[in-house]
Amino acid sequence: MPRFFVDPAAICGDYISLDTETLSHIHVLRLSPKETFIVCDGNGQDYCCTLEGDTAKVVSISANEAEPKTACIVLLAYTRGERMDYAIQKSVELGAAEINLFPAERCVVKYDGKSLPKKLARWEKIALEAAKQSGRGRVPAVVAHTSFKEAMQKAAQTDLALFFYENEADRTLRMALDNTQNAQSISLVIGPEGGFTSDEVTLSAVLGLSPVSLGKRILRAETAPVAALAAVMFWLGE
Ligand code: SAM
């Protein structure tokens with residue numbers, strides 16, 4: 001069923017006003033007056049609606065069931081074009097609560113104050129479309145950091161911070177998860193195509209993040225978040 005996100009302020013009793021972009025999308029779908037679609041307030045409430053003129057008439061309201069109970073924040077080093085798009089899209093489909101992007105020494109792509117805002121708008125759109133497609137109850141925010149340290153400090157604020165390091169030989173993801181009780185928030189930190197430098201590993205350890213392995217095979221920068229998030233969601237029973 002088609003899904004659209006609105007600002008909660010657009011919801012007034014049994015009617016929801018629709019912005020022009022959403023309306024034109026609904027018109028493209030050529031929904032009959034009886035056909036329903038979902039309008040989501042971005043806070044986990046789903047409104048099953050029919051179209052009445054240019055507004056949505058609420059038929060029923062239900063709590064969205066697609067939001068994981070544990071907030072998983074995915075932190076990705078900037079990677080090239082479609083790889084970044086893919087990693088963001090899959091992280092949303094897999095239930096990420098928020099996506100943070102950060103610069104690292106060995107990133108092959110560097111964004112500055114000029115190029116970043118345009119890229120961020122594109123990534124936010126990718127997150128919105130993936131949230132619609134996957135039936136999410138909220139659209140994960142995309143946060144673009146300008147420093148590695150700032151992103152690691154953000155990751156360190158969660159109950160469990162998983163710093164995925166390709167050269168970690170001892171601590172497996174299973175060990176890290178099995179040693180964790182009642183984590184309400186988990187961060188998953190993934191490095192760039194060129195991997196993390198030893199200085200970055202040291203700094204992240206000083207900030208409280210300990211390295212975790214995803215196994216003996218080296219995963220691509222866009223594969224690692226998918227594998228890691230899928231494994232964590234499996235462990236969470238989500
Ligand atoms: N350039 C590195 C190399 O060849 O060893 C590979 C970096 S990998 C393409 C990008 C990121 O994915 C890594 O920095 C890490 O965060 C994550 N990653 C990939 N494979 C991993 C593994 N087996 N264990 C832990 N993290 C992994």
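Each ligand, and each atom within it, is numbered from 1 in the order the structure gives. What you see is a predicted model, and the numbers here were worked out from it, not measured in a lab.
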Next item on the list: Quick one: do Asp41 and Ile11 satisfy side chain to side chain contact (heavy atoms under 4.5 Å, CB included)? Show the steps, please.
Entry: CA-CA 8 Å; Asp41 65 359; Ile11 301 167; 3.6 Å; yes
What protein heavy atom lies closest to [atom]? Include the residue and the distance to one decimal.
{"atom": "atom 1 (N) of ligand 1", "value": "Glu193 O, 3.0 Å"}
{"atom": "atom 12 (O) of ligand 1", "value": "Ala224 CB, 3.5 Å"}
{"atom": "atom 19 (C) of ligand 1", "value": "Leu219 O, 3.2 Å"}
{"atom": "atom 11 (C) of ligand 1", "value": "Gly191 O, 3.5 Å"}

Is it the case that ligand 1 has an N or O less than 3.5 angstrom from some N or O of [X]?
{"X": "Gly194", "answer": "yes"}
{"X": "Leu214", "answer": "yes"}
{"X": "Phe164", "answer": "yes"}
{"X": "Ile218", "answer": "no"}
{"X": "Ile190", "answer": "no"}
{"X": "Arg217", "answer": "yes"}
{"X": "Val189", "answer": "no"}

Check: Given the side-chain rings of Tyr111 and Trp123, with only the six-membered ring counted for Trp, is the space between their centroids under 6.0 Å?
Finding: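 When the ring centroids of Tyr111 and Trp123 are compared, they turn out to be within the sub-6.0 Å range.
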Check: Quick one: are the ring centres of Phe164 and Phe196 less than 6.0 Å apart?
Finding: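 Ring-ring flag for Phe164/Phe196: false, centres at least 6.0 Å apart.
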Flag if over 12 foreign heavy atoms under 6.0 Å of [atom1], [X]:
{"X": "Gln133", "atom1": "CD", "answer": "yes"}
{"X": "Arg220", "atom1": "CZ", "answer": "no"}
{"X": "Lys114", "atom1": "NZ", "answer": "no"}

Next item on the list: Indicate if Tyr78 and Ile73 have the same hydrophobic cluster label, given that clusters are the connected sets of ILVMFWY residues with side-chain heavy-atom separations under 4.5 angstrom.
Entry: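 Cluster IDs for Tyr78 and Ile73 differ.
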Run the numbers for me: atoms of ligand 1, each under 4.0 Å from some heavy atom of [X], listed by number.
{"X": "Tyr165", "result": "24 (N), 25 (C), 26 (N)"}
{"X": "Val212", "result": "25 (C)"}
{"X": "Ala221", "result": "9 (C), 10 (C)"}

Next item on the list: Among Leu75, Leu76, Val74, find the one that has a side chain to side chain contact (heavy atoms under 4.5 Å, CB included) with Asn100.
Entry: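 That would be Leu75; it is the only one of Leu75, Leu76, Val74 passing the side chain to side chain contact (heavy atoms under 4.5 Å, CB included) with Asn100.
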Note to self: Below 4.0 Å from ligand 1: does a non-hydrogen atom of Pro192 turn up there or not?
What the structure shows: yes
Item checked: Within-shell test, Thr223 vs ligand 1, heavy atom, strictly < 4.0 Å ->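 Not so, Thr223 does not reach ligand 1.
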Check: Would you say the side chains of Thr22 and Asp19 form a donor-acceptor pair under 3.5 Å?
Finding: yes
Next item on the list: Using the ring of Tyr15 (Phe, Tyr or Trp, six-membered ring only), decide whether Lys57 places NZ or CZ under 6.0 Å from its centre and within 45 degrees of its axis.
Entry: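 Here Lys57 passes the 6.0 Å and 45° test against Tyr15.
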Next item on the list: I would like to know whether Thr158 and Ser187 meet side-chain hydrogen bond (donor to acceptor under 3.5 Å, both in side chains); could you show each step before the answer?
Entry: CA-CA 6 Å; Thr158 56; Ser187 49; 2.9 Å; yes
Item checked: From Glu166, Arg106, Lys216 - option closest to atom 2 (C) of ligand 1 by heavy atom -> Glu166
